[in-house]
Amino acid sequence: MALLRRRHHYPLRLIPAISVVSAAILLLFVFLSFLAPSPVDNDHIHRPRISSDVGEDKAAPKLRVLNSGGVHLRDLWSTKNAGFYYGCSNASIKFAKAAAITQPNRYLAIATSGGLNQQRTGITDAVVAARILNATLVVPKLDQKSFWKDASNFSEIFDVDWFISYLEKDVKIIKELPRRRGQIWNPYTMRVPRKCNEQCYINRLVPVLGKKHAVQLTKFDYRLSNKLGTDLQKLRCRVNYHALKFTQPILEMGAKLVRRMRARSKHYIALHLRFEPDMLAFSGCYYGGGDKERRELAKIRRRWKTLHNHNPDRERRQGRCPLTPEEVGLLLRALGYDRETHIYVASGEVYGGEATLGPLKALFPNFYSKDTLASPDELGPFSSFSSRMAALDFMVCDESDVFVTNNNGNMAKILAGRRRYFGHKPTIRPNAKKLYKLFLSRDNMTWEEFASSVRMFQRGFMGEPKEVRPGRGGFHENPAACICEDSEAKSKMDSVQKEHGKGSIPIKRDMDVAVEDQNMNDELEWSDPEDEDDLTSQRGSNLHNETSLEYDPFSSEEPELDELLSD
């Protein structure tokens, strides 16, 4: 009986001991959980891969991204020393008034080419061309047959009355050609070569205008040289930054989108992602999606009859490929933008869809577009017109505190120039050539090492004043003739620096960082056969910190794709 009682009591004695051990384990687990990093404070990011086939790229080791994004050694939302520079585009006293120089019975009409922003460059240059020719300009015709299939005319996108009145002292502009002998006047149609300078226009067009009196220039994109006299360059700025104003419905809807972004956060980044299938196909790049990606992009590439096959690795090494959405996110986090930063994304269909966007959204959960900020009813008047939708994106990007461009298209260049003109608001252009190697080896370094390298490689690519040497860069991207320096204010600041013992470090040193390489020096170009001579002189150019050649011709034998990569 004693033995039996011991057998019954023995398990009862274990219960308190088990309880004590369990409690100790529980306390240890709670203690360790406090020490472990929170999933909110760290992002674990895989190397980019798009819809990989079985047997292709395997998951790489994860890079732990700090919540802070990086060390804040600079103001994330403004450009250093921008206060010493301002836009200045007024005409000089030597620039004669239009009424004094416009020849009677001499009319210039143009037909633009491409999407909204490519057409904008054509409109800007058309005003200058009319001034060179002392001709009356007919309000430009917008391209309605391109890939974008937008039937909008000039007055449905831009305020035409404002356009005419603002420029009345510079160029006489009329809405349509007058009738000739009571009949509709069909102007003589011709084309000028790209980068045609002032003398080129005079030599080619003045004799024709003398005989025909009305000339229409077709496919008018990048048909004017970047190298013009100062007064003509300033006229370009007056057109682009002042005379071209969107219509009231576009302005109101764009302002509404901006207000909604501001209501969510004091600051926001606008990102022009440009990771559409056609962009990737044309670039000849490869992003790890296996045979499926190769087949899909090859099918699109066949639409360009003259497009050569490219080595994807070489294209990436030379910085000719757009960054993946994830790589853009890592770049921004490394520059110091944290997880709470709000991002507005201007983009068409992203290749790979949500699977491709997922890593970017994980890095920046506050992720918006016009489709998430506005209801279908609000966007209804615009949604059937690609140029009007692009205009909304243009406005939100222009008003952003920081603009990030992931390609070298027209919208990127126009906004970069516009942001320089209106106060040098930060415009980040990825130094893709240097970043490519860094992204490849990022799993072999700490986050601090990665972020430090990103910041070093991005010097000269952040929209700082004077980061592009004088005379370099396409005019629409770097309107240097229209940006003046407040030397008096700068001199006072230098004096203050010296008084505080900092005279040994000139204030402008950070602005004049020399950058040895550039993303798109050898950017692919599309051309018509008749333009080949114009292109020959440009190939092989070695420009300093420049995202384009003198112009970016987007023309090919396939008109429906001419404009696809331009905006």
Side-chain angles (χ1 to χ4, degrees), residues 89-113 119-142 153-155 158 160-240 242-244 475 481-482:
S89 60
N90 290 337
S92 72
I93 57 174
K94 297 178 181 179
F95 199 65
K97 298 294 187 287
I101 57 97
T102 303
Q103 297 291 316
N105 207 22
R106 185 183 288 188
Y107 300 95
L108 178 68
I110 68 141
T112 61
S113 179
Q119 294 186 90
R120 189 180 187 117
T121 64
I123 295 166
T124 298
D125 291 348
V127 174
V128 179
R131 172 74 192 204
I132 291 171
L133 297 168
N134 296 332
T136 296
L137 178 68
V138 182
V139 169
K141 292 181 180 179
L142 301 190
N153 59 38
F154 188 100
S155 63
F158 300 107
V160 65
D161 293 325
W162 171 264
F163 178 73
I164 293 172
S165 63
Y166 189 90
L167 295 169
E168 63 183 356
K169 293 181 180 179
D170 300 309
V171 175
K172 182 179 178 182
I173 304 174
I174 58 176
K175 293 183 179 180
E176 57 184 20
L177 273 174
R179 287 180 173 265
R180 193 179 195 188
R181 302 186 187 95
Q183 303 293 320
I184 294 176
W185 191 353
N186 293 315
Y188 178 77
T189 300
M190 62 180 290
R191 190 182 300 179
V192 295
R194 289 191 171 90
K195 66 172 185 177
C196 195
N197 60 23
E198 187 173 357
Q199 195 59 46
C200 169
Y201 273 90
I202 292 172
N203 292 343
R204 288 173 179 265
L205 282 164
V206 168
V208 180
L209 284 167
K211 294 178 180 179
K212 304 294 184 180
H213 303 297
V215 171
Q216 177 170 285
L217 300 179
T218 61
K219 206 171 183 61
F220 198 82
D221 57 343
Y222 297 97
R223 302 283 166 174
L224 182 64
S225 173
N226 281 325
K227 299 175 182 177
L228 299 173
T230 299
D231 265 325
L232 291 178
Q233 297 287 51
K234 287 182 178 292
L235 175 56
R236 257 179 167 164
C237 294
R238 291 198 292 279
V239 180
N240 201 0
H242 299 286
L244 280 176
F475 178 80
C482 306

Set out, in order, the CA-CA distance, both residues' side-chain angles and the distance that settles side chain to side chain contact (heavy atoms under 4.5 Å, CB included) for Val139 and Glu176, then state yes or no. CA-CA 7 Å; Val139 169; Glu176 57 184 20; over 6 Å; no
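- The shortest non-hydrogen separation linking Met190 to Leu205 is SD-CD2, 3.4 Å.
- For Phe158, the ring-ring contact (aromatic ring centres under 6.0 Å, His included) criterion is met by Phe154, Phe246, not counting sequence neighbours.
- A 4.5 Å side-chain heavy-atom check between Arg194 and Ser225 finds every atom pair outside the cut-off.
- Interatomic distance, Gln103 CD to Lys172 NZ, rounded to the nearest 0.5 Å: 12.0 Å.
- Here Leu133 contributes atom CG and Arg106 contributes atom CZ; the two are 7.0 Å apart, rounded to the nearest 0.5 Å.
- With values rounded to the nearest 0.5 angstrom, Leu235 atom CG is found 9.0 Å from Ile132 atom CD1.
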Quick one, Val206 with Tyr201, criterion side chain to side chain contact (heavy atoms under 4.5 Å, CB included). Give me CA distance, side-chain angles, the key distance, then yes/no. CA-CA 7 Å; Val206 168; Tyr201 273 90; over 6 Å; no
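- When the side-chain contact (heavy atoms from CB on, under 4.5 Å) test is applied to Thr218, the partners found at least two apart in sequence or on another chain are Thr189, Arg191, Gln216.
- Between Ala126 and Leu137 the shortest heavy-atom distance is O-CD1, 4.0 Å.
- A donor-acceptor pair under 3.5 Å links the side-chain atoms of Thr112 to the main chain of Lys141, judged by distance alone.
- If you take SG on Cys237 and CZ on Phe475, they are separated by 3.5 Å, rounding to the nearest 0.5 Å.
- Screening Asp125, Thr121, Thr124 for a side chain to side chain donor-acceptor pair (under 3.5 Å) involving Arg236 leaves a single residue, Asp125.
- Heavy atoms only, all atoms of each residue included: Val192 and Arg223 are closest at O-NH1, 2.8 Å.
- Between Ile173 and Glu168, the closest side-chain pair of non-hydrogen atoms is not below 4.5 Å.
- For the salt bridge (charged side-chain N to carboxylate O under 4.0 Å, His left out) test, residues two or more places apart in sequence or in another chain that qualify with Lys175 are Asp161.
- Here the CG atom belonging to Asn186 is positioned 9.0 Å from the CG atom belonging to Leu177, to the nearest 0.5 angstrom.
- In plain terms, the two heavy atoms of Arg204 and Cys196 that are nearest each other are CD-SG, 4.4 Å.
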Under the side chain to side chain contact (heavy atoms under 4.5 Å, CB included) rule, what do Leu232 and Glu198 come out as? Steps first, then yes or no, please. CA-CA 10 Å; Leu232 291 178; Glu198 187 173 357; 3.7 Å; yes
Acceptor/donor pairs from residues 91-102 side chains to any protein atom, 3.5 angstrom cut, sequence neighbours excluded:
residue	atom	partner	partner atom	Å
Ser92	OG	Lys94	N	3.3
Ser92	OG	Asp231	OD1	3.4
Ser92	OG	Asp231	OD2	2.6
Thr102	OG1	Ala98	O	2.7

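- Scored by the side-chain hydrogen bond (donor to acceptor under 3.5 Å, both in side chains) test, Thr136 finds no partners at all (sequence neighbours excluded).
- In this structure, Ile123 and Leu142 have side chains that are in contact, with non-hydrogen atoms separated by less than 4.5 Å.
- Separating the OG atom in Ser113 from the NZ atom in Lys219 is a distance of 4.0 Å, to the nearest 0.5 Å.
- The closest side-chain donor-acceptor pair between Arg120 and Asn240 falls under 3.5 angstrom.
- Sequence neighbours left out, the pairs with a member in residues 165-196 that pass ring-ring contact (aromatic ring centres under 6.0 Å, His included) are Tyr107-Trp185, Trp162-Tyr166, Tyr166-His242.
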Between His213 and Leu209, does the side chain to side chain contact (heavy atoms under 4.5 Å, CB included) criterion hold? Intermediate values first, please. CA-CA 4 Å; His213 303 297; Leu209 284 167; over 6 Å; no
